[in-house]
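Quick notes on the structure that follows.
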Amino acid sequence: MALGLALAVQGYIHHLGGAPGDSLPADKAAGAVPTTLSHGGPVVDSRGGSVTTVSPPDRTTALTFDDGPDPVWTPRILDVLREHHVHATFFVVGSAAVDHPDLVRRIVAEGHEVGVHTLTHTDLGTAPDWRRELEVQGGQDAIVGVTGQAASLLRPPYTAGNSAITNGMWSALHGMADEGYLTVLSSLDSEDWQTPGTKAIEASLTPSGPQGQVVLMHDGGGDREQTVAALDSALSRFSAQGYKVTTVGDAVGVDSMRPASSVEQLRGSALVWGIRLSDFVVWAISLGLVAAGVVTFLRAVLVMFFAARHSRAARRLPGSGRGRRRVDVMVGPVVTEPATVIVPAYNESAGIEAAVLSILASTHPVEVIVVDDGSTDGTADIVEALDLPGVTVIRKENGGKPSALNAGIQAASHDLVVMVDGDTVFEPDTVRALIQPFADPRVGAISGNTKVANRGGILGAWQHIEYVVGFNLDRRLFDVAECMPTVPGAIGAFRIEALRNVGGVSDDTLAEDTDLTMALCRDGWRVVYQEDARAWTEAPATLGALWRQRYRWCYGTLQAMWKHRGAVVQGGAAGKLGRRGLGYLLVLQVLLPLFAPIVDVFALYGLIFLDPLRIGALWLVFLAVQLLMAAYAFRLDRERLGPLWTLPLQQFVYRQLMYLVVIQAVVTAVAGVHLRWHRMERYGSLRVPQTQGQG
């Protein structure tokens, strides 16, 4: 519960907030906004049901800054203000105030005002009522917890001026007014959030007459070098023209801050220390090394049983190899028709040459289509410079991996399509081995065997174990149970007929490979696993890169599971996916990781307060099962057992981080937040395999 609460706070503070700046919301409906507000002054009082607006007096400029405090730009802006002997109003984001409390205290100590700009820079116009209350009260609590004072001024994000107020925003402002807030909009927008250049910002700040103005600028949310330069120039000009520059409260004659009550201070301190505690918990756990997922005794027995069945069945399938036999001595029908290999590439200059050369070295006839998805690092130029026959380069604007794959599918000349990531290399026999199950007309897609290329070091060894045990062993189970949920993007083969039947690759989720595989299963196609088709891929080499990759994978898998949840009540192949595949993922890859930290906490409790010998013995039995399963998986994949010495360390570090990834992904998914694509860093460690077999 403690870990879950800490991650819930962390996920909300750092993942649910809006983008910085003041771009207008997409919904611009404003029919319910009172005319008094939409055509009135920038300071709005709607308490008690009536709406009153005011503007600063003539030749008075109320200077305001949004989105801070920022550790780089806020101090520099404060220095400029002090140099010109003027005060301003800072509308601070609550989470940033907690992160940089000394800056907020400096703002107040130097005579400036502080106002509420929500807790995480959220659009109050589109937020539900509970979140509006949480955002505004959270922003207020952060100010109270840091300064001991309460603010009466509120500036909702994305409200540059009165004319930008929408129906949803008006509803939010009206509700906040009943809690005593004055809303401060702006009448002169510097538009510095667009970073148009110092001269452009200075021009925006030029007053058109003697009317008083509320000026909008920013001290956070991005690079504010232009803001600092323009502010210095503008203050000099205001002074020369006889304008008074001051705070909003001073300009309109209101007390904008007051000492907080005891209850308010208690609540503010609780918020501040709660956020700090959650930050510390996540930071502390993230320092440890990480390892691959949770495996229970039941799962170990299950996957080993089905892996054994898969291994026996694979020897009897037409066109299947056995052991180390080469593809060219297979028995039964052999698929000889050529294949189109599609390589979607976005900024893959580090490994694209090795990838293309390895594919062209295939013993099977192939055409290669490299789809450059708007790369900025010369990826397409590298491929074109190779000037290789049978290689086509398609350049397109950046549209994401699904659109790149669909472009390749449209250009494919053959009925069999192989998809491979730009950070992956093939062995000479990979393509030929991969497509052999297509001898069965029921097969619509085939998953290959993904290998970690950069397996040096303990982090690489842990991921190598995870690929062999956690991924490929599961795929053998899914193959036998006819419920394969994922053909990995690193290596997969598809009938083009099957792809067209499901409408190509969808961009509905961040796990397009899982989404596509589930769609094929629901369309009635068999999806199988071909262990002899090996591809070598780069794994994350740093803790941060690994976290981002697995966070995206987990979040995208949750999206795909939700999208295809209807398969649970269907019959045939779709029902197998729904009741077997989705059920397996839900129980073993979502629910178990969510509850697994409680098991670890209980183990620590048992070591301290119960029988440490019995707890230690149980842990050794658990570890023995893990080693047995891993050794069996390595034997099936014909891998050396050497890396398994690192497996015990996984139980203390890697396993726990995978739990946290799942927890944070679930929190983000339940909150309905759209997670952006995180591209993995490429290291250029791939090489074209020199010989067939293990590298």
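If you read the sequence from its start, that first residue is 1, and numbering goes on from there.
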**Prompt:** Stepwise, does the side-chain contact (heavy atoms from CB on, under 4.5 Å) test hold for V272 with R276?
**Reply:** CA-CA 6 Å; V272 170; R276 288 175 179 171; 3.3 Å; yes
**Message:** Minimum heavy-atom separation for T424 and A535, please, with both atom names.
**Reply:** CG2-CB, 3.6 Å
**Item:** Flag, side chain of D440 to backbone of R442, donor-acceptor distance under 3.5 Å
**Value:** yes
**Prompt:** What's the verdict on salt bridge (Lys or Arg N to Asp or Glu O under 4.0 Å) for R638 and D532, showing C-alpha distance, side-chain angles and the deciding distance?
**Reply:** CA-CA 10 Å; R638 302 183 296 280; D532 290 335; 3.5 Å; yes
**Request:** May I ask you to test the D479-R526 pair for a side-chain heavy-atom distance under 4.5 Å?
**Result:** yes
**Message:** For the CG atom of L516 and the OG1 atom of T509, what is their distance to the nearest 0.5 Å?
**Reply:** 9.5 Å
**Prompt:** Could you state the interatomic distance from CD (E531) to OG (S447), rounded to the nearest 0.5 Å?
**Reply:** 11.0 Å
**Item:** Working for side-chain contact (heavy atoms from CB on, under 4.5 Å), residues I352 and V343
**Value:** CA-CA 9 Å; I352 192 64; V343 187; 3.9 Å; yes
**Complete:** Applying side chain to side chain contact (heavy atoms under 4.5 Å, CB included) to T517 and not counting sequence neighbours gives M484, V487, V527
**Prompt:** Short question: side chain of W462, backbone of T646 - any donor-acceptor pair under 3.5 Å?
**Reply:** yes
**Fill in**
Closest non-hydrogen atoms of L520 and A445, given as atom of the first, atom of the second and distance, are CD1-CB, 3.7 Å
**Asked** Looking at A539 and V452, what are the two nearest heavy atoms and their distance?
**Response** CB-CG1, 3.9 Å
**Asked** Is it true that K401 and D513 make a salt bridge, defined as a side-chain N closer than 4.0 Å to a carboxylate O?
**Response** no
**Asked** Checking T514 side chain against T486 main chain: does a donor-acceptor pair fall under 3.5 Å?
**Response** no
Got a list of side-chain donor-acceptor pairs under 3.5 Å for residues 585-597, not counting sequence neighbours?
none

**Asked** Between T542 and W547, does a side-chain contact (heavy atoms from CB on, under 4.5 Å) hold up when you go through it step by step?
**Response** CA-CA 9 Å; T542 66; W547 178 281; over 6 Å; no
**Message:** Counting C-beta onward and ignoring hydrogens, is there a side-chain heavy-atom pair between L641 and W645 closer than 4.5 Å?
**Reply:** no
**Request:** Kindly determine whether E427 and K451 satisfy salt bridge (Lys or Arg N to Asp or Glu O under 4.0 Å), including the steps that lead there.
**Result:** CA-CA 11 Å; E427 297 177 1; K451 296 289 186 181; over 6 Å; no
**Message:** How close do L647 and A630 get, counting heavy atoms only, and between which atoms?
**Reply:** CD2-CB, 4.1 Å
**Request:** Rounded to the nearest 0.5 Å, what's the gap from CD1 on I491 to CD on Q530? Could you check?
**Result:** 9.5 Å
**Item:** Between Y467 and N449: side-chain donor-acceptor atoms closer than 3.5 Å
**Value:** no
**Request:** Give a yes or no on whether the backbone of P540 and the side-chain of Q463 come within a donor-acceptor separation of less than 3.5 Å.
**Result:** yes
**Item:** Derivation of the side-chain contact (heavy atoms from CB on, under 4.5 Å) call for L473 and L636
**Value:** CA-CA 9 Å; L473 207 58; L636 288 177; 4.1 Å; yes
**Request:** Please report the shortest heavy-atom distance between Y529 and G448, naming the atom on each side.
**Result:** CE1-O, 3.3 Å
**Message:** Given 3.5 Å as the limit, does a donor-acceptor pair link the side chain of D507 with the main chain of P402, or not?
**Reply:** no
**Asked** At what distance, to the nearest 0.5 angstrom, does CD of Q559 lie from OG1 of T557?
**Response** 9.0 Å
**Prompt:** Is the backbone of G578 close enough, under 3.5 Å, to the side chain of Q570 for a donor and an acceptor to pair up by distance?
**Reply:** no
**Message:** Measuring from atom CZ of R475 to atom OG1 of T450, what distance do you get when rounded to the nearest 0.5 angstrom?
**Reply:** 5.5 Å
**Request:** Measure across A490 and F426 and return the closest heavy-atom pair with its distance rounded to 0.1 Å.
**Result:** O-CE2, 4.1 Å
**Request:** Please collect all salt bridge (charged side-chain N to carboxylate O under 4.0 Å, His left out) contacts where either partner lies in residues 555-579, sequence neighbours excluded, each pair once.
**Result:** E482-K576, D508-K563, D515-K563
**Asked** Quick one: CG on L271 to CG on L119, what's the gap to the nearest 0.5 Å?
**Response** 6.5 Å
**Item:** Side-chain touch V418/L434, heavy atoms, less than 4.5 angstrom
**Value:** yes
**Prompt:** Just by distance, do the side chain of S362 and the backbone of I359 share a donor-acceptor pair under 3.5 Å?
**Reply:** yes
